[in-house]
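Remember, it's a predicted structure, so these values are computed and weren't measured experimentally. As a basis for the values below, the full set of heavy atoms in this structure was taken, side chains included, without hydrogen atoms, waters or symmetry mates. In the text below, chain A, chain B and the rest are named by the order of the sequence lines, each starting its count at 1.
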Number of protein chains: 2
Amino acid sequence: MRKRIAILGSTGSIGTQALEVISNFPESFEVEVLTAGNNADLLIQQGMRFAPNVVVIGNEEHYGKVKDALSHYPTKVYCGDQAIAQVVAFDTVDMVLTAMVGFSGLRPTLEAIRAGKDIALANKETLVVAGKLIMEEAIRHRVQIIPVDSEHSAIFQSLVGERRNEIEKLILTASGGPFRGKGLDYLEKVTPEEALCHPNWCMGPKITIDSATLMNKGLEVIEARWLFGVAPDQIEVVVHPQSIIHSLVQFVDGSIKAQMGLPDMRLPIQYAFSFPDRFKSGFERFSFTDYPELNFEQPDTKIFRNLALSYEVLKRGGNWPCILNAANEVAVEAFLEKKIGFLGIPDVIENTLGKSSFVKAPELEDYFESDLQARRVAKEQI
Amino acid sequence: MRKRIAILGSTGSIGTQALEVISNFPESFEVEVLTAGNNADLLIQQGMRFAPNVVVIGNEEHYGKVKDALSHYPTKVYCGDQAIAQVVAFDTVDMVLTAMVGFSGLRPTLEAIRAGKDIALANKETLVVAGKLIMEEAIRHRVQIIPVDSEHSAIFQSLVGERRNEIEKLILTASGGPFRGKGLDYLEKVTPEEALCHPNWCMGPKITIDSATLMNKGLEVIEARWLFGVAPDQIEVVVHPQSIIHSLVQFVDGSIKAQMGLPDMRLPIQYAFSFPDRFKSGFERFSFTDYPELNFEQPDTKIFRNLALSYEVLKRGGNWPCILNAANEVAVEAFLEKKIGFLGIPDVIENTLGKSSFVKAPELEDYFESDLQARRVAKEQI
C-alpha cells in the first residue's frame, strides 16, 4: 500500500524536493495534502501535477485564485491556518512532512501527532519551542518522529538498531556557514546578500541566515536534546566545512557512528518517507576521490554568539528557547530588510531574553503567549 | 548469567587484550577455555590468574611444563591441535574468540560453529580460505559470527538495524602501513624491522607485515565478501592514514554509515563480547580536537600488488584464496627470516598460484590439501 503523505510547506525548498522524491517512487508514495503559506502559483502547479486530495493556501487572500485554478480538478481547496491544522488529521493521511518555516509549524505538528500521524520533521522550531510537550504527545499517541534535518537524520540513522540509553554524546557537524573564520570587524559589515550565499546547502532564506549566524546549529542542539532524549552537555558541535559527515553519535563503549554523504536534502527526505526501508536512489554518490581531506575545528562561540545563547536557553529551559526562537525570527527578518546589522541579531535576542518573563513549566498556550510577547519585545529593539 | 568465553590464541595480541576486556567486566564475562600454540609461560600465568576450566597448549612439547605448573589449580590441561578443536565444543562454552594466527584457525572455528557456539572472529584466514563453507555452516547451526577485525567490526556496527540486501558498497579503510607513498626502489630494500613498525596499530608480526604489503587489506576484502554476503566489486579500499574511520557502508539510497574511534582493538573485542549491548568503557575517547584533518587516498595496487592479487583470487574463487593465503604465510615467514625481500612476497604468491591446480568447488579436505600443496610450492620459490 502506498504511503499517503501530507506536505506542509510544499512550495519551499524542502517541500519541492519532497515532491521530487515522491515522484521518483509512484508505487510507494502518494501526495495526499499540500499546503503553502503564500506561494499560490506554485501550489496551483503542484496541485495540477500531483492531484492531491486537498490543497490548503495559508494566506486567505489567495484562496479565490487557487480555488478557481483548480476548479476543474478533483482536488479540494481550503484556506487559512485553521484548515492546515485540520487536514493533517484526515483519515487518508499516513505521514505528515512538516516543512513550513518557523513557529507556525507548532500547531499543525501537534494536531498531526494527536491524530496519530507519523511525522517527518523538517520544522525544527516545533521542537525548539515545545520539545518536551511534543515528545510526550508523540509517546502518548505512539507516533514516530523521523527527523529530516540532515544532522538529525544522520543521528537517527546512526541510532538504528542501537539503544538510546547507550548514547554517550551526540556530535552535530556545522559547515560554519559563509563567514567561518571571520572576525567581528568583518561580520559587522556583511550584507544579507553575502549571508545568503551558503557554501554547501541550498536552502530557504531564514535557515540560510541562521546557518551564517550559527543559530541554525543552536536550534539543532535544542532539537537534538528533545528528539534523542539527551542532556544539553551530551551535545557537542564541531565545524566541518565540507558538510560530508552529517553528524555522529558516540556510545558508552567509546565507539562512534556517523552518517555521511554529499550534501543533498533529498536523501534525508527520502529516508524519512521510506524508513525503515531504504529505496534505491539515483542521487549522485559521495567519493573520497573528490574529498581527499575532511577538516574539523571548534566553533567560535565568542564571535558566533547565537550558538552560546542557544546552549544557555536550553539549560535554563521553560519558555526560554521559545523566546530565543521568536526573537531570532524577528531579528533575521530585520537583517534581511537591512534594518539591523549581522551582529545585531544576537543583540536583539539577548535583549529580548532580558526583558521577558520566565515561565518554568509552560503549557501549550504559554508558548503562544511567550512567542507573541517576545516578537513584540524584539521589534522594539530594532 | 555470565558469558563463558573460550579464547583460542590467548597469548597473542588479541588474546591478551581480550583477557583485559574480560577482567573489566567480571560480572558479565568469564574465561572458560584458554589455548596457546607455543607460549607456555604466558599461558601458565593466564591460567593462574583467570582460573579457566581448561587450558590447551598446542605444541605438545610444552605439555609437561604447563601441566606441572597448574597441578595445584582446578584447571584441566590438554595439549595438541586435536584438543583445541574439541574443547571449543564443551557445553560450558558460550562464545569462542578465534584469535590464533593463520590457517590453523580453520578447523577449531568450524568445530565451534558445528557445536553451535557464537564466534568472535579475529582469525580472518578462516574466512579467506573457506568463507563459503563457514558461512553456510554458521547459518545451518544458527551461529552468530561477530567480527573482531576493526574494519569488519565497523561494518558490522554500521549494519546493526539495517538490511543486508540494502547494501550498495562496503568501503574498507587501510592505514596504508609504514610504506605508504613509497616507490619500488625504496621497497626493494626495506628490512623486516622497518616493516614491523606500524604507524597506528600494535599487532602481532604476521599481521603487521601483511599491513605493510597491503595483503592484510586484501585478506580483509575476501573476509568481508563472505561475512557480509556482497560481491567482490561491491568492496572498495581507501587509504586513510589516521585509522580513525574504521570502515564504511554505502546503502542503496546513497547514504553512508561509518564507525570511528581511536585505533584500539579492545573496543571491537569488547563489542563482540557484549553485542547486542554496549558496555561503558574507560578507553580513551576520540576527539576532533586531536584530529583536525582526516585524509583519504586511493591505494596503489601497482606497487602494493598483494591487494590486486587478492581481488583476482576472490573473483576466481574455488581454492584460489586458500592458495594465496598459504603462499603468503610462507612468504611472510621467509621475509621475516630475511630469505626474500619485501617485493619478493607478491612474487612468491603469484608463482605459487601459477603452479597450483585450480579446484572450483572445494570440500573441507580440499582446503587442507590445497594449503599443504601451496606451502610446498611456495617454499620452492624461496
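At a 4.5 Å heavy-atom cutoff, Asp264(A) makes no contact with chain B through either its backbone or its side chain. Both the backbone and the side chain of Arg278(B) have a heavy atom closer than 4.5 Å to some heavy atom of chain A. Both the backbone and the side chain of Ser255(A) come within less than 4.5 Å of a heavy atom of chain B. Contact annotation for Leu294(B): both backbone and side-chain heavy atoms come within less than 4.5 Å of a heavy atom of chain A. Contacts of Leu159(B) with chain A are absent, with no heavy-atom separation under 4.5 Å from either backbone or side chain. Contacts between Pro276(B) and chain A at a heavy-atom distance below 4.5 Å involve backbone atoms as well as side-chain atoms. Of the two parts of Phe283(A), only the side chain, counted from C-beta on, holds a non-hydrogen atom closer than 4.5 Å to a non-hydrogen atom of chain B. With a 4.5 angstrom heavy-atom cutoff, Gln259(A) touches chain B via backbone and side-chain atoms both.
In this structure a side-chain-to-backbone donor-acceptor pair under 3.5 Å is present from Gln234(B) to Glu168(B). Gln242(B) contributes a side-chain N or O that, together with a main-chain N or O of Glu293(B), makes up a donor-acceptor pair within less than 3.5 Å.
Within residues 297-305 of chain A, the residues approaching chain B closer than 4.5 Å by heavy atoms are, in numerical order, Gln298(A).
In this structure, a donor-acceptor pair under 3.5 Å is absent between the side chains of Glu20(A) and Asn24(A).
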